[in-house]
Amino acid sequence: MFFKPKKKYVVTALAVGFLFVGTSFKNDFFEIAKQIEIFTTLYKTVNTNYVDETNPGELMDKAIKNMLADLDPYTVYFNEQDVAKFKINNTGEYTGIGAQVTRKDGRLIIKEPYKGYAADKAGLKAGDEIIQIGDINLVDFKEDTRDLLKGTRDTKFDIKYKRQGKIYDAQLVLDEVDLRAVPYFSMVDENTGYIVLSQFNNKASKQTKEALVKLKEDGATKIILDLRGNPGGLLNEAVNVCNIFLPRDEIIVTTKSKNKKYNNIYKTKKEPVDTEIPLVVLVNGKSASASEIVSGALQDLDRAVVVGSRSFGKGLVQRPLELTYGTQVKVTISRYYTPSGRGIQALDYTRKDEEGNAIRIDKKDYNAFKTRKGRTVYDGGGILPDVVLEESKQSAITDALERNSAIFNFVTEYYYKNPNLGTTIPKLSDSDFNDFKKYLKKEGFEFETQTEKALKEAYEIAIKEKIDGNIATEYKGLLNALKKSQEKEINTHKKEIKKLMLDEIIKRYQYKEGLYKYYTTSNPEIIKSTTLLNNTNEYNKILLK
């Protein structure tokens, strides 16, 4: 039909003027009015004259969403159903089954049951596949399965799930789920406190403050704040977390936009808890948005040493705006800048490669900035730590293994072969690692690294253009060479992969809390952070104290 992907450009190009009626409207009234008229005329003409019956609402929905997809992945349109279905609750509380669930290849898989909540109480484990909810068989259910698990507190669902090839019955009873912003804190030695801040909901600063106060009572004179894997959340909570360690009236982040009303300066407003306690902030490639505001501000103001690997680089600010008939659009309205003036955003969505992917800012285009005490820091996307640790980086092959659930699925088998580990931390041997490699071959895992993806796409084009006969042999040779290269990469990154395997194993027996507890004694990044904090001269040297 008219709105299929191959004709997306027609709808996209003509719809551009339809939504973006803001400041530019005043500047280019005629062009916007012209494009709206063209789009309206086209929309009516197609609906009236197309050979088959069309669904006007669906046609418009696809047109708008395809248009916005060309801007950035964060600018999103929500129709009436979307608003009701996906409305975000930033309180950290919701009614649900208390588990991280993923839909992969049409299968609904439990990724992580949260301790003490509905899924856990019903006996569900990571790796279980829910195959039936009530009378609905999920094998043939193509819609959003999350709708089937919604309801008020104490709503009951009879389910069937598959585990290791066998079918089981269970009943889920919905309950309030309170996802803590600070799921764990403890002392890592007699002087150093450790705080995990996993998200920036509206309890983030309150729970971080409570953890700091308790750790200081327990003797902490140094603090590690762990933002690894924290995807962000509320901007004001990022400012409030900084305020715990910084005095009132410090600039934490600035937002800049073409629209002046979105240009804002965010400062601390409260009295701090402690502006002197030595502080290390841990980040990695999955620390984004609000995590980058906190780490960037504390770095720029020379209040903390940032340790780990470069953060994600999500420096675009969104705001949901109400439209007509109960619809909404979440629009990217501005960009984040740290106190020194650094932009956080890594990908430039105004520039795309041949495949339509946004281009990452090149290292040669990075700009230098100065912290308050004159240290040189750079933009270029994300926050580059003061102390970069190789252990905190993740290789392309490991990314592929995680993306395709290879480690997750192998650990599922490991768990049922070793049911009685309990709180024992296993030592993964070379034999275990070889078992993992055999498992990959047995299951025929597709890694889909960028190289392999590009090679397959080139071959598919060759088939369409009927020139594959001449290159089929060469293609297979290249693919086999790539497979051998991938096996070599797996061996090269054995230590990194075994670390992720062990993390997943610990979660299966001891939940996330057990993993954090293990980290306090065994995680390389935490050990190195503790060592740095205990070396006052080195710590002060980094911060130019």
Answer yes or no: is there an ion pair linking Arg163 with Asp128, defined by an N-O contact shorter than 4.0 Å?
yes

For residues 116-125, the salt bridge (Lys or Arg N to Asp or Glu O under 4.0 Å) pairs (sequence neighbours left out) are none

Between Glu276 and Arg303, which heavy-atom pair has the shortest distance, and what is it?
N-NH2, 3.4 Å

Would Glu271 and Arg248 satisfy salt bridge (Lys or Arg N to Asp or Glu O under 4.0 Å), going step by step from the backbone distance to the final call?
CA-CA 6 Å; Glu271 290 302 316; Arg248 184 197 299 263; 3.0 Å; yes

Hey, are the side chains of Val101 and Lys111 touching, using non-hydrogen atoms and a 4.5 Å cut-off?
no

Can you establish whether the number of heavy atoms outside Arg360 located under 6.0 Å from its atom CZ is more than 12?
yes

Within the side chain of Ser198, is there an N or O that forms a donor-acceptor pair under 3.5 Å with the backbone of Ala181?
yes

Is the Tyr439-Phe410 ring centre distance short of 6.0 angstrom?
yes

Is Asp249 salt-bridged to Lys269, cutoff N-O under 4.0 Å?
no

Give the C-alpha distance, both sets of side-chain angles, the deciding distance and a yes or no for salt bridge (Lys or Arg N to Asp or Glu O under 4.0 Å) between Glu390 and Lys393.
CA-CA 5 Å; Glu390 290 302 316; Lys393 296 178 182 178; 3.1 Å; yes

Verify, without hydrogens or angle tests, whether Asp365 (side chain) and Ile361 (backbone) share a donor-acceptor contact under 3.5 angstrom.
no

Between Gln394 and Glu402, do the side chains contain a donor N or O and an acceptor N or O under 3.5 Å apart?
yes

Do Thr332 and Asp72 have side-chain atoms, one donor and one acceptor, less than 3.5 Å apart?
yes

Looking at every non-hydrogen atom in both residues, tell me the closest pair between Asn263 and Ser257 and how far apart they are.
OD1-N, 2.6 Å

Leu544 and Gly374: which non-hydrogen atoms are nearest, and at how many Å?
CD1-C, 4.3 Å

Donor-acceptor under 3.5 Å (Glu292 side chain, Ser289 main chain)
yes

How about Ile252 and Leu246: do any of their side-chain heavy atoms sit closer than 4.5 Å?
yes

Which of Pro231, Ser295, Ser309, Ser311 passes side-chain contact (heavy atoms from CB on, under 4.5 Å) with Ser287? Answer is Ser311

Would you verify whether the NZ or CZ of Lys314 falls within 45 degrees of the ring axis of Tyr74 while also being under 6.0 Å from that six-membered ring's centre?
yes

Hey, could you give me the NZ/CD1 distance between Lys256 and Ile265, rounded to the nearest 0.5 Å?
9.0 Å

Answer yes or no: is there a donor N or O on one side and an acceptor on the other, between the side chain of Thr268 and the main chain of Lys270, under 3.5 Å?
no

Determine whether the side chains of Glu237 and Asn201 contain a donor N or O and an acceptor N or O closer than 3.5 Å.
no

Does this structure show an ion pair linking Arg372 with Asp300, if we count only N-O contacts that are shorter than 4.0 Å?
no

Within the side chain of Ser291, is there an N or O that forms a donor-acceptor pair under 3.5 Å with the backbone of Asn230?
yes

Check the pair Asp386 / Arg375 against salt bridge (Lys or Arg N to Asp or Glu O under 4.0 Å), numbers first and verdict last.
CA-CA 10 Å; Asp386 302 301; Arg375 296 186 297 137; 2.8 Å; yes

Is a side-chain donor-acceptor pair under 3.5 Å present for Ser392 with Asn284?
no

Take Leu108 and Glu129, measure what side-chain contact (heavy atoms from CB on, under 4.5 Å) needs, and give me the verdict at the end.
CA-CA 6 Å; Leu108 190 65; Glu129 178 191 355; 5.5 Å; no

Could you walk me through whether Tyr194 and Ile526 pass the side-chain contact (heavy atoms from CB on, under 4.5 Å) check?
CA-CA 9 Å; Tyr194 172 62; Ile526 293 175; 3.4 Å; yes

Looking at Leu282, Ile383, Val294, which one forms a side-chain contact (heavy atoms from CB on, under 4.5 Å) with Leu227?
Val294

Decide, yes or no, whether a salt bridge links Lys206 with Glu210 under the criterion of side-chain N to carboxylate O below 4.0 Å.
yes

Calculate, to the nearest 0.5 Å, the distance between atoms CG and OH belonging to Asn537 and Tyr539 respectively.
13.5 Å

Just so I know, are the side chains of Arg508 and Phe408 near enough to count as touching, which here means a heavy-atom distance under 4.5 Å?
yes

We want to know whether Thr208 and Ser205 form a side-chain donor-acceptor pair, criterion being a heavy-atom distance below 3.5 angstrom.
no

Among all residues two or more places apart in sequence or in another chain, which pass the side chain to side chain contact (heavy atoms under 4.5 Å, CB included) test with Thr155?
Thr152, Phe157, Leu174

For the pair Tyr117 and Tyr114, name the ring-plane relationship: parallel under 30°, tilted 30 to 60°, perpendicular over 60°.
perpendicular

Are Asn523 and Arg228 linked by a side-chain donor-acceptor pair shorter than 3.5 Å?
yes

Min side-chain heavy-atom separation Thr221-Lys216 under 4.5 Å:
no

Is it true that the side chains of Thr75 and Lys330 contain a donor and an acceptor less than 3.5 Å apart?
no

Are the side chain of Asn367 and the backbone of Tyr378 linked by a donor-acceptor contact shorter than 3.5 Å?
no

Salt-bridged, Glu250 to Lys267, with N to O below 4.0 Å?
no

Quick one: do Glu496 and Lys499 make a salt bridge, cutoff under 4.0 Å?
no

So Leu149 and Leu172, do their side chains get closer than 4.5 Å, heavy atoms only?
yes

Looking at Lys517 and Glu513, does any basic side-chain N land under 4.0 Å from a carboxylate oxygen?
no

Expected output: side-chain Ser429 to main-chain Asp432 donor-acceptor under 3.5 Å:
yes

Any side-chain heavy atom of Thr254 sitting closer than 4.5 Å to one from Tyr336?
no

Look at the side chain of Arg310 and the backbone N and O of Pro385, then say whether any donor-acceptor pair between them is shorter than 3.5 Å.
no

Under 3.5 Å donor-acceptor, Thr424 side chain and Leu421 backbone
yes

Could you pull out the closest heavy-atom pair between Thr412 and Gly127, with the gap in Å?
OG1-CA, 3.9 Å

How far apart are the C-alpha atoms of Phe185 and Leu215, what are their side-chain angles, what is the distance that settles it, and do they pass the side-chain contact (heavy atoms from CB on, under 4.5 Å) test?
CA-CA 8 Å; Phe185 66 91; Leu215 289 170; 3.9 Å; yes

So CG of Asp189 and OG1 of Thr520: to nearest 0.5 Å the spacing works out to 10.0 Å

Ignoring hydrogens and angles, tell me if any N or O in the side chain of Asn535 forms a donor-acceptor pair with the backbone of Glu538 under 3.5 Å.
yes

Salt bridge between Glu504 and Lys507, side-chain N to carboxylate O under 4.0 Å?
yes

Taking the side chain as every heavy atom from C-beta outward, state whether Val331 and Gln318 have any atom pair closer than 4.5 Å.
no

According to ring-ring contact (aromatic ring centres under 6.0 Å, His included), does anything in residues 507-528 pair up with another residue at least two apart or in another chain? List the pairs.
Tyr184-Tyr516, Tyr415-Tyr509

